[in-house]
K.L.:
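A single structure is presented below for examination.
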Amino acid sequence: MTSPTRLAILASGSGTNLENIAKAIDEGAVPAKIEIAISDNEEACALERARRRGIPTKVVRPADFPSRDAYDHEIASILQDAKIELVVLAGYMRLVGKELVEAFYGRMMNIHPALLPAFPGTHAVKDAFEYGVKVTGVTVHFVDEGEDTGPIILQEAVRVEEDDDEDSLYARIHQAEYRIYPEAIRLFCEGKTRLEGRKVRII
Ligand code: GAR
C-alpha cells in the first residue's frame with residue numbers, strides 16, 4: 001500500500017471546506033494526511049477547526065513581512081520543510097506569487113464559488129447573483145499566477161432558483177464544494193489527474 005499524500009491546507013476564514021476535507025480523509029474516502037494548516041489570519045475559525053482535529057497549525061502574518069514575495073518565500077519554505085506533496089487552498093484570500101506557484105505548479109489546487117472563467121475574484125457569488133445568471137457553480141483548479149485562471153480539474157453546476165437570495169444560493173454552492181473538493185483531491189492522490197497544457201485529463 002502506498003503512503004497517504006502529504007497535504008497542506010491554506011485557509012483565511014471559516015474553514016468549512018478544511019473541515020469537510022479532513023472528514024473525508026478520516027472516513028477513508030481520500031488517501032491523504034493533512035500535515036499542516038496555515039493561515040494568514042490569526043483569527044480564522046479554520047485554525048480552531050484544524051486544532052480540534054489534531055492538525056498542526058501555523059499562522060503566517062503578512063504584516064510581519066516586507067513584501068508579498070518575502071511572505072510567499074516563507075510559505076514555500078514551510079511547505080518544503082514539511083515535504084508537502086499537494087497544497088490545498090480552501091478560502092485562502094491572497095493571490096499566490098510567482099515563487100510559490102512555480103514551486104508547486106500542478107501540485108496546488110484552489111476552489112472557487114463560480115463556474116470559471118465567469119466571475120473570478122473575491123465576490124463571485126454576489127457577482128453571479130447580481131448579474132442574474134440562471135446557472136452558476138463551483139470550480140476546482142490548479143493554481144497559476146493569475147487570479148482564478150489556472151487549469152480546471154472539476155466543476156459542478158448549481159442552478160439559481162427563482163426564490164433564491166445570495167445566502168440561499170451560497171448555501172447550495174457550499175454543498176457542491178463539499179462534494180467536488182474531496183473528489184478532486186482524491187483523484188490527484190490516486191494519480192488520476194494529468195496536467196497537459198491548459199487541460200487536466202482525468203484518467
Ligand atoms: C469558499 O466558498 C471558497 O470557494 C471561497 O471561499 C469560501 C471559503 O469557505 N473562495 C474564494 O472565493 C476564492 N476566490 P470556507 O472557509 O467555509 O471553506
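Values below: every heavy atom of this structure, side chains too, minus hydrogens, waters and symmetry copies. Computed from a predicted structure; not experimentally measured. Whatever order the structure lists ligands and atoms in, that order sets their numbers, starting from 1.
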K.L.:
With a 4.0 Å cut-off on heavy atoms, does E147 reach ligand 1?
P.N.:
no

K.L.:
Got the closest protein heavy atom to atom 10 (N) of ligand 1, with its distance?
P.N.:
I111 O, 3.6 Å

K.L.:
Nearest protein heavy-atom contact for atom 17 (O) of ligand 1: which residue, which atom, what distance?
P.N.:
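That would be T16 OG1, 2.5 Å.
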
K.L.:
With heavy atoms only and a cut-off of under 4.0 Å, state how Y170 meets ligand 1: side chain, backbone, both or neither.
P.N.:
side chain

K.L.:
Say whether S12 and D40, considering side chains only, have a donor N or O and an acceptor N or O under 3.5 Å apart.
P.N.:
yes

K.L.:
Using a 4.0 Å cutoff against the non-hydrogen atoms of P113, which atoms of ligand 1 qualify?
P.N.:
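Taking each heavy atom of P113 in turn, ligand 1 has 4 (O), 5 (C), 10 (N), 11 (C), 12 (O) under 4.0 Å.
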
K.L.:
What atoms of ligand 1 come within less than 4.0 Å of a heavy atom belonging to E177?
P.N.:
1 (C), 2 (O), 3 (C), 4 (O)

K.L.:
Considering both backbone and side-chain atoms of H112, is one of its nitrogen or oxygen atoms within less than 3.5 Å of a nitrogen or oxygen in ligand 1?
P.N.:
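So ligand 1 has an N or O lying under 3.5 Å from an N or O of H112.
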
K.L.:
Using distance alone, determine whether G15 and ligand 1 share an N or O pair under 3.5 Å.
P.N.:
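Yes.
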
K.L.:
Test your reading of the structure: does N110 have an N or O sitting under 3.5 Å from an N or O of ligand 1?
P.N.:
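So ligand 1 has no N or O lying under 3.5 Å from an N or O of N110.
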
K.L.:
Salt bridge check: are K33 and E35 linked by an N-O gap of less than 4.0 Å?
P.N.:
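The answer is yes: the pair qualifies as a salt bridge.
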
K.L.:
If I take atom CG from residue L18 and atom CD1 from residue I9, how far apart are they, to the nearest 0.5 angstrom?
P.N.:
4.0 Å

K.L.:
Give a yes or no on whether the backbone of A82 and the side-chain of R6 come within a donor-acceptor separation of less than 3.5 Å.
P.N.:
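Yes, because the side chain of R6 sits within donor-acceptor range (under 3.5 Å) of the backbone of A82.
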
K.L.:
So is T122 touching ligand 1 or not, going by heavy atoms under 4.0 Å?
P.N.:
no

K.L.:
Would you mind running through ligand 1 and noting each atom that sits below 4.0 Å from a heavy atom of G91?
P.N.:
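Within the 4.0 Å cut-off of G91, ligand 1 contributes 6 (O), 8 (C).
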
K.L.:
L7 and side-chain contact (heavy atoms from CB on, under 4.5 Å): which partner among I55, V88, I84, V87?
P.N.:
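Passing option: V88.
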
K.L.:
Say whether H123 and ligand 1 are in contact under the criterion: heavy-atom distance to a ligand atom below 4.0 Å.
P.N.:
no

K.L.:
Check residues 23-30 and write down every donor-acceptor pair under 3.5 Å in which the side-chain atom is one partner and the other belongs to a residue at least two apart or another chain.
P.N.:
{"unit_1": "D26", "atom_1": "OD2", "unit_2": "R53", "atom_2": "NH1", "d": "2.7"}

K.L.:
Atoms of ligand 1 less than 4.0 Å from G121 heavy atoms?
P.N.:
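Here the atoms of ligand 1 in question are 14 (N).
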
K.L.:
How long is the straight-line distance from CG of L100 back to CG of L95, given to the nearest 0.5 Å?
P.N.:
11.5 Å

K.L.:
For R198, does the CZ atom have more than 12 heavy-atom neighbours from other residues, nucleotides or ligands under 6.0 Å away?
P.N.:
yes

K.L.:
Taking salt bridge (Lys or Arg N to Asp or Glu O under 4.0 Å) as the test, write out the residues that go with R186, two or more places apart.
P.N.:
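E183, E190.
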
K.L.:
Starting from atom 9 (O) of ligand 1, locate the nearest protein heavy atom and write down its residue, its atom name and how far away it is, to 0.1 Å.
P.N.:
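The closest one turns out to be H174 CE1, 3.6 Å.
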
